Amino acid sequence: MEPATQLRLDRFGESGSPPRELQPRRCYAATGHLLGLLAALPAPTEAGERFWSDLWRSSGTAYLLPVDVKAQVLRSPEGEGAALARQILSAVDEMTPSRRVAAGEVIGQALAESDHVPDLKTQVVGELWLRDLELTAWRVLHADRRRDDPDGRQAFLAAWTST
């Protein structure tokens with residue numbers, strides 16, 4: 001069997017990375033998942049006002065409020081998800097552990113009411129949603145960063161092929 005680096009080079013060519021036209025797909029998929037997570041929450045309308053207010057109070061951060069993420073959300077379907085991802089990671093970073101638990105409870109309650117989740121405790125559902133949001137935001141930023149660094153990818157492969 002050939003070494004993994006050889007397989008990767010054979011599959012993607014000399015650069016060791018997907019052709020340029022395929023690279024944005026990783027970022028688009030993760031950005032789409034971020035938007036899907038946000039879409040599972042109550043809409044930022046008058047009907048969802050209480051949820052967003054409760055989330056703000058419980059999380060201790062305004063970074064997730066619709067007024068603060070609206071521009072980033074609206075740019076995200078065009079593939080500009082990095083700004084939204086940064087905003088989300090800033091929000092998560094601002095939360096203390098107790099605030100994160102409280103925010104998870106608010107989110108879990110909203111998801112349980114919308115019947116999008118299995119029969120789990122609301123705090124568990126909310127914590128899973130927050131973890132997914134956080135990791136997906138990281139993936140968006142990571143994919144966005146890697147997309148523009150062909151020299152870095154080449155140096156990485158050269159280092160690993162020389163061992």
Side-chain angles (χ1 to χ4, degrees), residues 17-156:
S17 60
R20 195 115 179 102
E21 64 272 9
L22 295 180
Q23 291 176 13
R25 290 186 185 165
R26 285 179 281 171
C27 192
Y28 288 144
T31 299
H33 187 67
L34 269 183
L35 294 172
L37 287 166
L38 292 174
L41 299 176
T45 62
E46 192 174 316
E49 192 173 309
R50 180 175 171 86
F51 164 78
W52 292 102
S53 176
D54 289 349
L55 181 61
W56 176 45
R57 279 195 297 281
S58 64
S59 68
T61 180
Y63 282 130
L64 293 176
L65 291 178
V67 69
D68 289 329
V69 296
K70 179 181 178 178
Q72 293 91 330
V73 167
L74 295 177
R75 281 195 314 263
S76 292
E78 299 166 6
E80 298 296 326
L84 177 60
R86 275 189 211 90
Q87 182 95 0
I88 288 168
L89 290 175
S90 292
V92 172
D93 185 49
E94 253 192 21
M95 288 185 221
T96 63
S98 61
R99 293 238 185 224
R100 186 179 174 109
V101 168
E105 182 67 38
V106 169
I107 292 164
Q109 184 64 41
L111 293 173
E113 288 172 7
S114 69
D115 205 29
H116 284 105
V117 294
D119 195 21
L120 297 170
K121 292 179 184 176
T122 57
Q123 200 283 318
V124 171
V125 171
E127 178 59 30
L128 289 171
W129 186 93
L130 276 171
R131 277 191 230 160
D132 195 2
L133 185 75
E134 183 177 24
L135 289 172
T136 303
W138 166 247
R139 285 182 190 105
V140 169
L141 285 181
H142 189 65
D144 188 62
R145 179 187 62 81
R146 289 188 319 178
R147 185 170 61 194
D148 296 328
D149 188 14
D151 293 334
R153 283 191 305 276
Q154 196 62 27
F156 171 81

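Note that the structure is a prediction, hence the values are computed from the model and not measured. Each residue takes its place number in the sequence, starting with 1.
- When all heavy atoms are compared, the tightest approach of Val140 to Ala30 is CG2-CB, 3.4 Å.
- The two residues Thr61 and Ala91 come nearest to each other via the heavy atoms CG2-O, 3.8 Å.
- Remark: the backbone N or O of Pro42 is paired with a side-chain donor or acceptor of Trp52 at under 3.5 angstrom.
- Within the 4.5 Å cutoff, no side-chain heavy atoms of Glu134 are placed close to those of Met95.
- The line from CD of Gln123 to CG of Leu128 is 9.0 Å long, rounded to the nearest 0.5 Å.
- The side-chain heavy atoms of Tyr63 and Asp93, taken from C-beta on, include no pair separated by under 4.5 Å.
- Closest heavy-atom contact between Ala112 and Thr122: CB-CG2, 3.9 Å.
- Taking every heavy atom of both residues into account, Leu34 and Ala137 meet most closely at CD2-N, 3.9 Å.
- Defined by atom type and a distance below 3.5 Å, a donor-acceptor pair is missing between the side-chain atoms of Arg86 and Ser90.
- With hydrogens and angles ignored, the 3.5 Å screen pairs no side-chain donor or acceptor of Trp129 with any backbone N or O of Gly108.
- Put simply, OG on Ser76 and CD on Glu78 are 9.0 Å apart, with the number rounded to the nearest 0.5 Å.
- Side-chain contact check for Leu38 versus Leu84: some heavy-atom pair is nearer than 4.5 Å.
- The two residues Leu111 and Ala40 have their closest heavy-atom pair at CD2-O, 3.4 Å.
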Show, in sequence, the C-alpha distance, side-chain angles and deciding distance for Ile107 and Leu133, and conclude whether the side-chain contact (heavy atoms from CB on, under 4.5 Å) test is met.
CA-CA 12 Å; Ile107 292 164; Leu133 185 75; over 6 Å; no
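- Here the CD1 atom belonging to Ile88 is positioned 12.0 Å from the CG atom belonging to Leu135, to the nearest 0.5 angstrom.
- If you check the side chains of Asp132 and Thr136, you find a donor sitting under 3.5 Å from an acceptor.
- Between Ala62 and Asp68, the shortest heavy-atom distance links the atoms O-OD2, 2.6 Å.
- Side-chain atoms of Arg99 come within 3.5 Å of backbone atoms of Arg57 as a donor-acceptor pair (strictly under, hydrogens ignored).
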